[in-house]
Amino acid sequence: MSSLPRVYVTRKVPPDGLQILRKSGQVQLELWDSDDPVPRRELLKKVKGCDGLLCVLTEKIDAEVLDAAGPTLKVLSTMSVGFDHLSLDELKKRRIRVGYTPEVLTDAVAELTVALLLATSRRLIEAAHEAKTGGWGTWRTQWLCGYELANSTVGILGLGRIGVAIAERLKPFKVKRFIYTDVEPRPELAEMIQAEYVSMDDLARQSDFLAACCALTPETQSICNKNLFSNMKKTSIFINTSRGGVVNQEDLYEALATGEIAGAGLDVTTPEPLPTNHPLFTLKNCVILPHIASASYTTRNAMSALAANNLLAGLRGDRMLKELHL
């Protein structure tokens, strides 16, 4: 019987990460070889006695999973920048090291955020539907008009690497001003994009476009709610590519349905997938994508490679490339 550490991978990962694990010669590897989530019962069975676990954001790693794994589990590596699916207190209590994959997905998420912003503000999905279904008639002066970025104010909720990258991509559109709010001022990052720190209320009142880029924490849970939307301009566009939990979706629906704001573009929702009968899908001024911000071949491969290398380093007792310090 092999004495190598046992590793369980909860999803069919992109080829770069899988190749790193297989060629390392450092682990006994078993994986759930499917693009669909591993069933909870299967996960609880397979983690038993594992030394390492590589997961994705759809797996809730809580006390139940950690109890099932037992005391052999020393390292967890998640192929994600977010970690709200991990019970950090439980991991800390059991002294399990945690790796994650920030930075490598910054460009892909920023690109998708800009694409979603443009699709929402210029009503591209609605326009494509009209062209396809016979709604395209004679030229009309106000038909399918949207909102321009030129001379606008763009607000960023949660200024980190992704927020900066979004602003850098929006600059060529002649945005007049960038503003942001966070738990505290971020002067070094703000200087990169000449952004001004403002209060949450001022962010809502002044933004023509408001992008949520913050992590999901107890403090940011449902932070985008009736209070935020009621303070926004009727011509404002709201974009969320962070986590669905930062938005109160009932409040967002009301804001969109009553014209309190002009439109919203969401790459993340609660739950995921969002049921097809959800009221948000009935609105023409709401564009919803299936959580694809990091979905480029380059980025997903880079995420899988970083997750694999984090796992191997942790099992060796070495410093991880990207580790959450609990």
Side-chain angles (χ1 to χ4, degrees), residues 10 37 40 55-65 76 78-91 98 100-102 105-106 108-110 112-113 116-117 120 155-163 166 180-183 200 203-204 207 210-232 237-257 260-261 263-281 283 286-295 303 324 326:
T10 69
R40 183 73 171 183
C55 70
V56 296
L57 54 83
T58 54
E59 274 70 71
K60 183 68 176 175
I61 307 301
D62 54 14
E64 183 183 33
V65 172
L76 182 144
T78 180
M79 189 180 137
S80 65
V81 64
F83 41 83
D84 48 283
H85 58 299
L86 309 179
S87 295
L88 300 183
D89 289 343
E90 291 290 334
L91 290 160
V98 179
Y100 70 134
T101 60
L105 48 65
T106 298
V109 174
L112 189 281
T113 303
L116 181 56
L117 187 154
T120 305
I156 299 170
L157 174 57
L159 186 65
R161 290 178 296 269
I162 291 173
I166 291 168
Y180 77 99
T181 196
D182 211 315
V183 291
M200 188 73 168
L203 188 81
S207 296
L210 200 164
C213 307
C214 54
L216 178 59
T217 66
E219 292 72 32
T220 61
Q221 181 75 41
S222 296
I223 195 171
C224 300
N225 53 29
K226 183 176 180 61
N227 184 60
L228 177 83
F229 301 131
S230 64
N231 280 323
M232 290 174 67
I237 302 294
F238 174 78
I239 303 294
N240 184 21
T241 54
S242 57
R243 285 290 184 267
V246 306
V247 177
N248 181 310
Q249 289 176 171
E250 289 73 24
D251 290 351
L252 176 60
Y253 173 82
E254 288 299 320
L256 291 167
E260 203 162 50
I261 63 173
L266 311 174
D267 183 50
V268 287
T269 59
T270 302
E272 292 184 358
L274 193 66
T276 55
N277 63 351
H278 194 282
L280 285 171
F281 279 121
L283 301 173
C286 187
V287 176
I288 301 174
L289 303 179
H291 202 153
I292 57 167
S294 66
M303 290 172 69
L324 272 176
L326 305 179

Exercise. Taking C-beta and beyond as the side chain, do V268 and V246 meet within less than 4.5 Å on heavy atoms?
Worked result: no
Exercise. Is there side-chain contact between K226 and N248, with heavy atoms separated by less than 4.5 Å?
Worked result: no
Problem set entry | Trace of the side-chain contact (heavy atoms from CB on, under 4.5 Å) decision for N240 with L157 | CA-CA 10 Å; N240 184 21; L157 174 57; over 6 Å; no
Problem set entry | Minimum-distance pair of heavy atoms, taken over all atoms of A255 and F229 | CB-CB, 3.7 Å
For this session: Would you name the heavy atoms of F281 and T276 that are closest together and state the gap between them?
Result: CD1-O, 3.8 Å
Seminar exercise, completed: To the nearest 0.5 Å, atom CG of L159 lies from atom OG1 of T181 at 10.0 Å
Exercise. Partners of E254 by salt bridge (charged side-chain N to carboxylate O under 4.0 Å, His left out), sequence neighbours excluded?
Worked result: none
For this session: For residues L112 and L289, determine if any side-chain heavy atom of one lies less than 4.5 Å from a side-chain heavy atom of the other.
Result: yes
For this session: Drop me the distance from L91's CG to D62's CG, to the nearest 0.5 angstrom.
Result: 9.5 Å
Problem set entry | Minimum heavy-atom distance between P102 and R161, given as atom pair plus value | CB-NH2, 3.3 Å
For this session: Please collect all side-chain hydrogen bond (donor to acceptor under 3.5 Å, both in side chains) contacts where either partner lies in residues 213-225, sequence neighbours excluded, each pair once.
Result: T217-E219, T217-T220
For this session: Apply the test side-chain contact (heavy atoms from CB on, under 4.5 Å) to residues F83 and L324: give CA-CA distance (whole Å), side-chain angles for both, the deciding distance (0.1 Å), then the verdict.
Result: CA-CA 9 Å; F83 41 83; L324 272 176; 3.6 Å; yes
For this session: Please answer whether the main-chain N or O of T270 pairs with a side-chain N or O of Q249 as donor and acceptor at a distance below 3.5 Å.
Result: yes
For this session: Taking all heavy atoms of A108 and all of S294, pick out the closest pair and write down the distance.
Result: CB-CA, 4.1 Å
Exercise. At what distance, to the nearest 0.5 angstrom, does CE of M232 lie from CG of N227?
Worked result: 12.0 Å
Exercise. Side chain to side chain contact (heavy atoms under 4.5 Å, CB included) with T120: which residues, sequence neighbours excluded?
Worked result: L116, I237, I239, V287
Seminar exercise, completed: On a heavy-atom basis, the closest approach of M79 and M303 is O-CE, 3.5 Å
For this session: Would you confirm whether T106, through its side chain, and I162, through its main-chain N or O, come within 3.5 Å as a donor-acceptor pair?
Result: no
Exercise. Nearest 0.5 Å, what's the OG-CG distance between S207 and L228?
Worked result: 8.5 Å
For this session: Report yes or no: does N231 contribute a side-chain atom to a donor-acceptor pair with the main-chain N or O of A204 at less than 3.5 Å?
Result: no
Problem set entry | Minimum side-chain heavy-atom gap H85-T58 below 4.5 Å | no
For this session: Indicate yes or no: at least one non-hydrogen side-chain atom of L252 is less than 4.5 angstrom from one of L266.
Result: yes
Problem set entry | Heavy-atom pair with the smallest gap, counting every atom of C214 and S242 | O-CB, 3.1 Å
Exercise. Is D267 reaching over with its side chain to a backbone N or O of T241, donor-acceptor style, under 3.5 angstrom?
Worked result: no
For this session: Could you check if a side-chain atom of L57 sits within less than 4.5 angstrom of a side-chain atom of D84, using non-hydrogen atoms only?
Result: no
For this session: Might you work through the side-chain contact (heavy atoms from CB on, under 4.5 Å) test for I61 and E90, ending with a clear yes or no?
Result: CA-CA 9 Å; I61 307 301; E90 291 290 334; over 6 Å; no
Exercise. Does some side-chain heavy atom of T101 sit less than 4.5 Å from a side-chain heavy atom of T78?
Worked result: no
Exercise. Would you say V247 and F238 make side-chain contact, with heavy atoms under 4.5 Å?
Worked result: yes
Exercise. For the atom pair SG (C213) and CD1 (I166), what is the distance rounded to the nearest 0.5 Å?
Worked result: 3.5 Å
